[in-house]
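Right, one structure below, let's go through it.
As the structure is a computational prediction, the values presented were derived from the model and not from experiment.
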Amino acid sequence: MNRRIKRANPKPRARDERKEARPFKARSSQKAGPRPGGKPGTKPQRFVGERAERRAPEPAPAKPVEALLPTKVQTVAVTADENNMRVDRFLEARFPGLSFSHIQRVVRKGELRVDGKRVDSKDRLEEGQSVRIPPLKLDAPKAPGALSEAAQKTLQALKEMTIYEDDDVLVLNKPAGLAVQGGSGMTRHIDQMLEVMRDAKGQKPRLVHRIDRETSGCLLIAKTRFAATHLTGAFRSRSARKIYWALVPGVPKPKQGRISTFLAKEEGEDDTIMRIAQHGDEGASHAVTYYAMVETAGNRLTWVSLKPVTGRTHQLRAHMAHIGHAIIGDPKYFNKENWELPGGLQNRLHLLARRIVIPHPRGGVIDATAPLPPHMQQSWNLLGLDATRFDPIENAPEE
């Protein structure tokens with residue numbers, strides 16, 4: 001897997017709150033600037049094994065995780081870097097090594113309070129808020145070599161998903177249908193599976209971001225606290241670049257563009273979706289997505305490439321539905337009347353987290369690509385789509 005060397009300083013991001021899609025100007029491949037890690041017309045550099053000369057100096061030895069956990073109730077203030085961070089991710093960042101179930105438990109029981117009030121784990125914090133944190137503890141680490149047969153199978157399953165790994169970072173090709181985190185009645189998910197990778201100090205790899213349960217593809221995992229800090233910072237500063245592939249009905253017009261809206265969560269009796277909102281609506285967040293048509297199958301189906309600038313819940317699914325081209329197989333947003341799925345295509349979400357490019361915590365760049373999942377590969381074969389075609393989203397801006 002490539003880890004490219006060139007670094008780019010992120011440009012300041014202008015806030016465009018217009019609701020409609022507008023085209024971006026594509027550059028020809030001849031005029032396109034160099035990609036990270038190489039000059040125009042050359043292939044990107046690849047790492048071969050470990051290159052110590054490219055690594056930053058090792059950080060000073062850290063205190064054991066157990067020593068960082070509060071043994072009694074304490075109150076802390078939300079910093080500027082933690083502004084708009086979810087409550088559960090705030091705890092993960094402050095106290096690496098805490099299990100997902102322990103975080104959910106202290107929040108659900110109301111042991112953690114923000115400005116004296118109960119909160120949900122998905123609520124977002126604001127700079128200056130006061131957070132009451134109860135005593136916390138790590139799950140007891142398992143003795144080395146004590147993995148059960150079930151745990152060994154889980155470890156093997158994670159290895160089979162792995163598309164990139166080094167001492168700090170793991171990139172998984174998450175299959176469609178496997179959740180990233182647990183929920184009501186859910187016993188198997190990535191966060192739970194990572195328990196088998198706990199080290200001798202009781203620390204397990206940490207989730208850096210999330211993708212939907214039915215979305216397949218690249219999922220970034222931090223194997224160390226050092227990596228978790230740097231990678232979450234890269235997402236927060238939007239220096240991480242993500243590219244998705246999807247199959248949609250019809251042909252979007254224009255064939256490439258920018259979607260800029262506000263999104264807000266809408267709770268139903270049995271489901272939760274993201275609706276298009278107005279600036280100032282309660283819970284509304286600005287969301288920006290670039291899209292580009294890659295190839296069509298007649299005028300009935302289109303393979304589109306997507307580049308989210310922001311990272312809102314269901315952002316790509318809600319945005320494609322907003323412009324009239326909801327993703328094929330989406331149970332939440334695809335509601336076209338009298339539309340029949342072409343023969344041979346499975347009624348499953350056709351959305352792939354195709355590629356992730358992000359600065360490596362110790363220098364260089366991680367560049368990981370996931371293959372089409374089986375149900376999408378079947379659709380590509382049936383429709384005669386060529387997965388090796390040039391992806392025009394490469395020319396979309398980064399902001």
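Annotation: Asp386, atom CG; neighbour count of heavy atoms from other residues, nucleotides and ligands within 6.0 Å is above 12. Within a 6.0 Å radius of NZ in Lys255, other residues, nucleotides and ligands contribute 12 heavy atoms or fewer.
Taking the six-membered ring for Trp and the full ring otherwise, His375 and His350 have centroids separated by under 6.0 Å. The aromatic ring centroids of Tyr291 and His325 lie 6.0 Å or more from each other.
No continuous path of ILVMFWY side-chain contacts below 4.5 Å connects Ile243 to Met293, so the two sit in separate hydrophobic clusters. With hydrophobic clusters built from ILVMFWY side chains whose heavy atoms lie under 4.5 angstrom apart, Val180 shares a cluster with Leu170.
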Task: Check against salt bridge (Lys or Arg N to Asp or Glu O under 4.0 Å), Glu267 and Lys122 - done: CA-CA 14 Å; Glu267 302 282 356; Lys122 295 181 180 179; over 6 Å; no
- [ ] Start with the C-alpha distance between Arg317 and Asp212, add both sets of side-chain angles, then the distance that settles salt bridge (Lys or Arg N to Asp or Glu O under 4.0 Å), and finish with yes or no.
- [x] CA-CA 10 Å; Arg317 298 162 64 182; Asp212 295 340; 2.9 Å; yes
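For the atom pair His102 NE2 and Arg105 CZ, the distance stands at 5.5 Å (nearest 0.5 Å).
Across all their heavy atoms, Ser121 and Val107 have their closest contact at N-CG1, 3.5 Å. The two residues Ala157 and Met193 make their nearest non-hydrogen contact at CB-CE, 4.0 Å. Of all heavy-atom pairs between Ala277 and Ala284, the closest is CB-CB, 3.9 Å.
Paired with Asp191 under the rule salt bridge (charged side-chain N to carboxylate O under 4.0 Å, His left out), one option of Lys174, Arg206, Lys204, Arg210 passes, and it is Lys204.
Looking at Trp303 and Leu383, their side chains never come closer than 4.5 Å, going by heavy atoms from C-beta outward.
No hydrogens or angles considered: a donor-acceptor pair under 3.5 Å links the side chains of Asp166 and His360.
Lys332 places a side-chain N or O within 3.5 Å of a backbone atom of Thr272 that can act as its donor or acceptor partner. Here the side chain of Thr296 pairs no donor or acceptor atom with the backbone of Asn299 at under 3.5 angstrom. Between the side chain of Tyr290 and the backbone N or O of Gln256 there is no donor-acceptor pair closer than 3.5 Å. The closest donor-acceptor contact from the side chain of Glu82 to the backbone of Phe90 lies at 3.5 Å or more, if one exists at all.
Ring pair His286/Phe262 is tilted by interplanar angle, where 30° to 60° counts as tilted.
For the pair Arg300 and Trp339, the cation-pi criterion (under 6.0 Å, within 45° of the ring axis) is fulfilled.
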